[in-house]
**Q** 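Got a structure for you, written out below as structure tokens; questions coming shortly.
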Amino acid sequence: MGAETRVAVLLPLPLREAYDYRVPDGMTLNHGDFVEVPLGPRRVIGVVWGSGAGVVEARRLKPVVRRFDVPPMTAVARRFVEWVAAYTMTLPGFVLRMAVSVPAALEPPKPILAYLKRPDALAPPGFKMTDARRRVLALLEDGPPRMPGELAEEAGCGATVVRGLAEAGLLEPLLLPPAPPLGRPDWARPGPALSAHQEAAADDLRGRVQAGGYSSVLLDGVTGSGKTEVYYEAIAAALKQGKQALILLPEIALSAQWLDRFARRFGAAPAEWHSELTGSQRRDTWRAVAKGEVPVVVGARSALFLPYPDLGVIIVDEEHDSAYKQEEGAIYHARDMAVARAHLGGLPIVLVSATPSLETKVNADSGRYARIELPSRHGGAQLPEVALVDLRRDRPPARHWLAPSLRKALTETLAGGEQAMLFLNRRGYAPLTLCRACGHRMQCPNCTAWLVEHRLARKLQCHHCGLQQPLPPACPECGEEGTMAACGPGVERIAEEVAALFPDARAAIMASDTLSGPRAIQEMVRKITDHELDIIIGTQVMAKGHHFPMLTLVGVVDADLGLNGGDLRAAERTYQLLHQVAGRAGRGERPGTVMLQTFMPEHPVMQALAAGDRDGFYQLEAEMRQDAGMPPFGRLAALIVSGEDPTLVDRVAMALGRAAPRSETVHVLGPAPAPLALLRGRHRRRLLLKAPRATQVQPLIAEWLGRVEIPPAIRVQIDVDPYSFL
DNA sequence: AGCACGCCGACT
DNA sequence: GTCGGCGTGCTC
Ligand SMILES: [Zn+2]
Ligand SMILES: [Zn+2]
């Protein structure tokens, strides 16, 4: 290596393989280098993946255009891309695209333009001095050079005023070096005093980080057991060794409070990586990470693919959270990929949860993962009191959704000056709108889904493709006016019911589409903490790390959601919800009450939840999955066949069904209409492969697909370890 | 993923 | 007669 004349370059495109390029004279390339190469008529970026394979004759090779001045992609990172591609059965280039998500970061940062006053400047003829212009010049009389945007803001004028002055030659342009990276977290700062249990746990993790090498640990403890302080010590240990630490968090948990808490421990905030970042923030962060200037990154699942030079530890907080499953584009589970990343990089990974996923719990039980249990620091009861509300007997009034017993509890809670939360995982006002005259249902033209009414926005909306349309004044089918009726509840409708029942209560909706970014989450937390709200109606439970002592009642409007549908993890999610509520709500002496509205109170899962029986719940859940041969005791993979022509989709799906591998232990179910049989205008059929746990499903599927001709108009997506069945 | 080439309908 | 629709196919 080093003096190669041809190299294989992997491009972040859905191509079958890496392409060979000629290394021009005077250029030296190493494996992992980021390069620009010609591709057809255009130029694209890529990564030197290895030595040229030599299939294409040398004289046909195009030369590498240039090498970018950034540290090369490490061998571990490259192997990770290949591993993810192989595991998820996506093209390597597609996975690489996640690792080079910010092409602009490869270019050296542009110097920043700032202005200084020109002492000798004379106004050109025709120049008019205005108030705004005078204010800008006055600002520059003292103080440092400032960027045009800053100047405009401080002077309270538009950007054009500054530009006008610059064009008139009254400002001295100055190119400042790009902003230095923000403060670095300091591992040497003394941490808080830890309890004996925490200290023992921290010692264990520190030891693993210092020793290096792969290991997986489940850090299991209820909210309030101090898990975060414990994993901070693992991070400190990694930083001490000059390595980086990555903390994965579900997006909703990445609040401003979380960042503040980290900053209090380490003296500086970590670098953030989530969907709310601007283009320039992404660029600066990516580049700084690549250059080893960022010791700690906290982020959502895509942070896994950042260019860490030498990762020392990975923390997956809230490891059970289903937000780690990426369903669009490349389909992968970030928690599982993180474990693979740790394995490849030879470093410890810590999976953190108060309610571990069954997968992780089984791994810990079997000894594949180590387990550290943290007892509650406060001792005593952990689960709140759980009451089942039997909706068959305790019925809400027609077209209302809160049962009399829940209403009564709300009344008492509010009378006592305490707060309540109502939980319903349905955005909008009503999930279905139909015509009372003819029965016509408002459906999305592109998806097999009802249009959801959003009354506040005065729109019907498809939650799958984003289609929006105004509420029709008359039925589009029969033309009758005033016959369109909302069916079923969403959070907006619950809010309406609450407003009618408790006109004086201060209520607010907290939904994933109304709360985006750490700032919005922080504001909501503040309102609850400062008791500016009495009732919160939410689609999800608030971010971790918050405790609301005045919140003493939580009502789950529909605890059955998905429990008897095909959703494998519905029971787990309800259990996790209860636990989160327990962690957020109530005071020491008043732990709070959770009321679960259900049509099947006798269901064993409901009974286990009501009894607060953690072990019983997990055991029941494990037995059910084991009997059904479902994960984590069996393996699943889904094939989604999609295309615009339903007949062709059916034909291909049938052909796949006929060619399916079948044996004593491997079964293929389907083809059946996929959960969303029509999505964004594409018809979908699904085949489900079920195999014993130890089966390597990828070669099986590859062989299977090889036996069937797939026309170009048809796409076959593979979801290894499918998560949602909805 | 782009961006070409390529073969059939309505426009200057 | 051209302009342009986007259906297949290639890019080292
Ligand atoms: Zn009608
Ligand atoms: Zn839709």
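All values below come from the heavy atoms of this structure, side chains included, with hydrogens, waters and symmetry mates left out. Just so it is clear: chains get the letters A, B, ... in the order the sequence lines come, proteins before strands, and each one is counted from 1.
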**Q** Not counting sequence neighbours, which residues clear ring-ring contact (aromatic ring centres under 6.0 Å, His included) with A/Trp450? List them please.
**A** none
**Q** Using the test ring-ring contact (aromatic ring centres under 6.0 Å, His included), find all partners of A/Phe68 that sit at least two apart in sequence or belong to another chain.
**A**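 For A/Phe68 there are no ring-ring contact (aromatic ring centres under 6.0 Å, His included) partners, ignoring immediate neighbours.
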**Q** Going by atom type alone, with no hydrogens or angles, which donor-acceptor pairs under 3.5 Å involve a side-chain atom of residues 641-649 of chain A and a protein atom two or more places apart or on another chain?
**A**
residue, atom, partner, partner atom, Å
A/Ser642, OG, A/Arg682, NE, 3.3
A/Ser642, OG, A/Arg682, NH2, 3.4
A/Asp645, OD1, A/Thr647, N, 3.1
A/Asp645, OD1, A/Thr647, OG1, 2.9

**Q** Where along nucleotides 6-12 of chain C does protein come under 4.0 Å, by heavy atom, of base (B) or sugar-phosphate alone (S), with - for untouched nucleotides?
**A** -----BB
**Q** Output side-chain donor-acceptor pairs under 3.5 Å for residues 343-353 of chain A, partner residues at least two apart or in another chain, one line each.
**A**
residue, atom, partner, partner atom, Å
A/Ser353, OG, A/His320, ND1, 2.6
A/Ser353, OG, A/Thr355, N, 2.8
A/Ser353, OG, A/Thr355, O, 3.2

**Q** Side chains of residues 40-58 of chain A: which donor-acceptor pairs under 3.5 Å do they make with residues two or more places apart or in other chains?
**A**
residue, atom, partner, partner atom, Å
A/Trp49, NE1, A/Glu82, OE2, 2.6
A/Ser51, OG, A/Glu4, OE2, 2.3

**Q** Let me know the distance between CG of A/Leu11 and C1' of B/dA1, rounded to the nearest Å.
**A**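 Answer to the nearest Å: 11 Å.
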